[in-house]
Amino acid sequence: MHPNLSVIRKRRDFLAANRGLRVARPGFVLLARPNDGQGKRYGITVTKKIGNAVVRNRMKRRFRELLGAALPDAGLPDHDHILIGREGGIERDFAMLRGELAAALARAAAGKGDRPRGPRQRRSRRT
């Protein structure tokens, strides 16, 4: 890993990044948020909905490799970068993921995130 990158480990940092810029791609969702001068940091989240531990760990290893190569040059300075794994991310070609990450970082640098998600609607039990 690059020496200028640090890993986000605290839950509160992940939750804070969720209020930042969001860029969705088929294999992952990138969250980016300013971190008040703490440098380039990254975090990875893959939920149990994605698969068993072997699949989740493989996806995290791929994301670590992608971020280690892309963030030193294309990452936003003094920002937290969070990658959230999506269902189809493990089957995607590595070169395709690399291109999607470069496009997502460029979009985040331009400030063009996806529209913010509204509050979740509760379903009534009668429908």
Side-chain angles (χ1 to χ4, degrees):
M1 200 42 53
H2 200 270
N4 293 341
L5 298 177
S6 57
V7 180
I8 298 172
R9 299 192 190 278
K10 296 195 186 307
R11 185 173 192 271
R12 70 172 181 246
D13 293 332
F14 281 91
L15 293 176
N18 202 26
R19 293 187 300 271
L21 192 68
R22 179 183 200 88
V23 181
R25 292 288 167 248
F28 58 85
V29 175
L30 172 70
L31 305 176
R33 183 163 196 260
N35 61 16
D36 299 326
Q38 295 179 355
K40 292 180 188 176
R41 302 190 312 168
Y42 74 92
I44 298 169
T45 302
V46 182
T47 65
K48 287 186 176 181
K49 289 193 277 185
I50 302 301
N52 63 15
V54 174
V55 171
R56 293 192 310 269
N57 287 331
R58 184 182 309 146
M59 185 175 271
K60 287 190 272 189
R61 282 192 305 269
R62 295 179 88 193
F63 284 167
R64 248 182 254 120
E65 185 66 28
L66 285 169
L67 289 170
L71 280 187
D73 299 328
L76 303 170
D78 294 328
H79 273 67
D80 290 341
H81 303 82
I82 308 287
L83 275 187
I84 302 172
R86 293 179 96 177
E87 188 72 38
I90 197 65
E91 291 93 17
R92 296 188 76 75
D93 183 44
F94 192 75
M96 191 177 294
L97 281 174
R98 185 180 299 128
E100 289 173 356
L101 180 60
L105 286 170
R107 195 167 161 86
K112 296 181 179 179
D114 299 337
R115 63 181 174 78
R117 297 190 316 182
R120 294 183 68 174
Q121 297 294 324
R122 291 209 144 200
R123 297 173 114 189
S124 70
R125 293 182 185 235
R126 294 181 192 174
T127 24

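We number each residue from 1, following the sequence as shown. Because only heavy atoms are used, hydrogens play no part in the values below, and waters and symmetry mates are left out as well, while side chains stay in.
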Problem - Side chain to side chain, Ile44 and Leu67, heavy atoms closer than 4.5 Å - result: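 Result yes, sub-4.5 Å side-chain heavy-atom pair found.
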
Exercise for the section: With the side chain counted from C-beta on, respond yes when Gln38 and Asp78 share a heavy-atom pair under 4.5 Å apart, and no when they do not. Expected result: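 Not touching, per the 4.5 Å side-chain cut-off.
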
Would you give me the side-chain donor-acceptor pairs under 3.5 Å for residues 23-33, sequence neighbours excluded?
unit_1 : atom_1 : unit_2 : atom_2 : d
Arg33  : NE     : Ala16  : O      : 3.1

Using the rule that Ile, Leu, Val, Met, Phe, Trp and Tyr join whenever any side-chain heavy atoms are under 4.5 Å apart, tell me whether [X] and [Y] fall into a single cluster.
| X | Y | answer |
| --- | --- | --- |
| Leu83 | Tyr42 | yes |
| Phe14 | Leu21 | no |
| Ile82 | Leu101 | no |
| Val7 | Leu66 | yes |
| Phe94 | Leu105 | yes |

Hey, what do you get for [atom1] ([X]) to [atom2] ([Y]), rounding to the nearest 0.5 Å?
| X | Y | atom1 | atom2 | answer |
| --- | --- | --- | --- | --- |
| Leu97 | Arg92 | CG | CZ | 6.5 Å |
| Thr45 | Arg56 | OG1 | CZ | 12.0 Å |
| Thr47 | Arg86 | OG1 | CZ | 11.5 Å |
| Leu5 | Arg64 | CG | CZ | 13.0 Å |

Practice task
Any salt bridge (Lys or Arg N to Asp or Glu O under 4.0 Å) involving residues 43-55? Give me the pairs, sequence neighbours left out, ordered by first then second residue.
Solution key: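 Sorted result for residues 43-55: empty, none.
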
Practice task
Return each pair, listed once, that meets salt bridge (Lys or Arg N to Asp or Glu O under 4.0 Å) where at least one residue sits in residues 38-47; pairs must be two or more places apart or across chains.
Solution key: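 Listed once each, the pairs are Asp13-Arg41, Arg41-Asp80.
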
Practice task
Over all heavy atoms of both residues, which pair between Ile8 and Gly43 is shortest? Give the atoms and the distance, please.
Solution key: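 That would be CD1-N, 4.2 Å.
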
Handout entry: Over all atoms of both residues, closest heavy-atom pair of Ile50 and Gly85
Key =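 That closest heavy-atom pairing would be CD1-O, 3.8 Å.
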
Exercise for the section: Without swapping roles, check the side chain of Asn35 against the backbone of Gly39 for a donor-acceptor pair under 3.5 Å. Expected result: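 It does hold such a pair.
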
